[in-house]
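Below is one structure, written out as C-alpha cells; the observations come after it.
All figures in this text were calculated on a predicted structure; none of them were measured in a lab. For the numbers below, each heavy atom of this structure counts, side chains included, while hydrogens, waters and symmetry mates do not. Each chain gets a letter, A, B and so on, in the order the sequences are listed, and its residues count up from 1.
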Number of protein chains: 2
Amino acid sequence: MAPRSPARTGRPRSAAADAAILEATRAALVDLGWSKLTLGDVATRAGVAKTTLYRRWAGKNELVVDAVAALFDELELPDRGSLAADVEYVVRQFAALLDRPEAKTALMAVVAESTRDEPLRARIRDSIVDRQKRLVLVGRARAEARGELPRAQGAQDAARSADLIFDVVAGAVVHRMLVSGQAVDSQWVHGLVALLAGGLPSAVSPLPSDA
Amino acid sequence: MAPRSPARTGRPRSAAADAAILEATRAALVDLGWSKLTLGDVATRAGVAKTTLYRRWAGKNELVVDAVAALFDELELPDRGSLAADVEYVVRQFAALLDRPEAKTALMAVVAESTRDEPLRARIRDSIVDRQKRLVLVGRARAEARGELPRAQGAQDAARSADLIFDVVAGAVVHRMLVSGQAVDSQWVHGLVALLAGGLPSAVSPLPSDA
DNA sequence: TGCTTTCGCTACGCGTCGTAGCGTAACTTC
DNA sequence: GAAGTTACGCTACGACGCGTAGCGAAAGCA
C-alpha cells in the first residue's frame, strides 16, 4: 500500500496534536453539545492554532466523526455462553456508549449531515458502523456453532440477514434512547431479547419468571 | 380551556403567514438541508419579514419540528387483514415518509438537538413521536382481536410492550435508511416481518417461498 | 374614533467561518 | 553541516448568519 506516498520529506505532522485535538473535541461536545461547538474553541482547548485544525480536517463533520469513532474502539463481544446472553451483552454495551453525552449529541447529528454528504456517510460507515456490525457477525457465527441458529445458505443471504439483525438491534437501542428518550434498563433489554428469540408473541407476554 | 386568554384584541396573527413559513421551511430543507438552512432565507421564501418569523418561533429547532410534523398528519393504518400485513404496511409508509429529503435531513438533526434541550424533546414527542406510536396501539389491538397476539395483562405491561415494539420497528427503519443508508425494499421488509413474527431463527432462514 | 397588536423594513453589534500571509520550527536529503 | 521541504503558531481579514431594536403603517377590536 501507499498511504503516505505524497509528502515524505519535511517536518512531519505532530501525532500529539492529533490526539489533543480529538480529545478536545470530545470535551467540547460534552460541554457545549454539537450545535454550539466551534472549531475555534476546539483549537484553543487543544492548544493548537485554528489553522492547524483546518489543515487536517475539512470541517466540523469530519472532525467529530473521527473524535467519536475512537469511542467505538472498546467494543467487544466475549462469549457469554448463549445467543440470548450475547445479545444482551452487546445491547447493554451499545447503550452504555450512547449514554455518554459526547456520543449522544454527536452521533445523530453527523448521521443527519450524512444524508446530504456521501463522503461523510462513507467515513461514518468505515469508522463507526462497520465496527459495530462486526459484533453481529461474531455473535451470529457463535450462535450457528452452538446450533441456536440455522446456518445461512449462501453468502448473500448471510450478509442480508446480518444487515437486518444489525439494523433491528442497533436501531432499537438508538430509538429507545434518543427518540423515545427512555433508559435501556433490564426490563427493556429482556423484552428485546425475548422478541428476538421468539417474535412479537414472546415479547407481549414475557415469561412469568420475575414477579 | 384558555389557550388564547392573553391578547384577544388588536390585529390577529396571519394564519396564511404561518402556512407560508412552514411550507417555505420544507422547501428550504429540500434545497439546502438542515445545516445550511437559514431563517433569513426561510423568511424571504415565505414572503414575510425575518422579525415576523422570530415573533412566532424561538429558533431553527422549533420551526423545523413544526414544519416536519405536518408530514406525519397523513399517517394511517387501515386494516390489512393480518398482523403481518399491518406491520408491512406501516413499515412501508414510514419508509416512504423518511425517503422525503426534507424529512431525511431534518428528523435526525432535531433529535440530535433534543438531547440537550428538554423542551424541544417534549415538542418532538407531542407532535411527531406520539403520532407514530398511535399506529402501534391500533395494530396491536387489532392483532389481539384476531387472536394473533395474547392479550396484555395489565395496562402497564401493555404500555411497555407497545413501547418496545415501537422502538424496534421505527428504530429498524430509521437505522436502515439513515445509518446503513440502504433502501427499505421488499426483501428487507419481509425479513423484518419474519423476524417480528418468529424471532431470529425465522429471519435467518426465510421461508423458501421465493426462488 | 381610539386602542391594541401585528406587520414590513432597516440597521445594528456580535460571533463564527474559512483563508491568506508571514516568520519560525522540525525533519529529510545531499 | 547546509539546503530544501513541510508543518506550525500567529494575526488579520471579508463574508455571513444571528437575534434584536426601533420605526411607521396596517388590521382588527371597543
Just list the side-chain donor-acceptor pairs under 3.5 Å for residues 95-106 of chain A, sequence neighbours left out, or say none.
| unit_1 | atom_1 | unit_2 | atom_2 | d |
| --- | --- | --- | --- | --- |
| A:T105 | OG1 | A:W34 | N | 3.1 |

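Within a heavy-atom distance below 4.0 Å of DNA chain D, no residue of residues 105-121 of chain A is found.
Counted within 6.0 Å of CD on B:Q182, heavy atoms from surrounding residues, nucleotides or ligands total more than 12; the atom is thus considered enclosed.
Proximity note for A:Y54 (side chain, C-beta onward) versus C:dG8, D:dT20, C:dT19: the nearest is C:dT19. Of all nucleotides listed (D:dG19, C:dT6, C:dG18), C:dT6 comes nearest to the side chain of B:R13.
The CH2-C1' distance, from B:W57 to D:dC18, rounds to 18 Å in whole Å. A straight line from CD1 of A:I21 to C1' of D:dA7 spans 12 Å, rounded to a whole angstrom. In this structure, CG of A:L32 is placed 14 Å from C1' of C:dG15, rounded to the nearest angstrom. A straight line from CG of A:L53 to C1' of D:dG9 spans 13 Å, rounded to a whole angstrom.
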- Could you please spell out the steps behind the side-chain contact (heavy atoms from CB on, under 4.5 Å) verdict for A:R121 and A:E113? CA-CA 8 Å; A:R121 176 194 296 283; A:E113 291 301 307; over 6 Å; no
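In terms of modelled atom types and a separation under 3.5 Å, the side chain of A:H190 and the main chain of A:S186 share a donor-acceptor contact. The backbone N or O of B:A158 sits less than 3.5 Å from a side-chain atom of B:R140, completing a donor-acceptor pair. Of the possible polar contacts, one joining the A:D86 side chain to the A:R80 backbone as a donor-acceptor pair under 3.5 Å is found. The backbone N or O of B:D117 sits nowhere less than 3.5 Å from a side-chain atom of B:S114 that would complete a donor-acceptor pair. Judged by distance alone, the side chain of B:T115 and the main-chain N or O of B:V111 form no donor-acceptor pair under 3.5 Å.
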Got a list of protein N/O to nucleotides 21-26 of chain C N/O distances below 3.5 Å?
| unit_1 | atom_1 | unit_2 | atom_2 | d |
| --- | --- | --- | --- | --- |
| C:dA25 | N3 | A:R11 | NH1 | 3.1 |
| C:dA26 | O4' | A:R11 | NE | 3.4 |

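Ion pairing of B:K50 with B:D41 is absent here, as no side-chain N (NZ or NE/NH1/NH2) approaches a carboxylate O to less than 4.0 Å.
Taking for each of A:A49 and B:L39 the nucleotide of DNA chain D with the nearest heavy atom, the 5'-most of the two is the partner of A:A49. For the pair A:K36 and B:S14, both in contact range of DNA chain C, the more 5′-proximal nearest nucleotide belongs to B:S14.
The shortest distance between the side-chain N/O atoms of B:T9 and the OP1/OP2 oxygens of C:dC3 is not below 4.0 Å.
At a cut-off of 3.5 angstrom, the base of D:dG9 holds no donor-acceptor pair with the side chain of A:K50.
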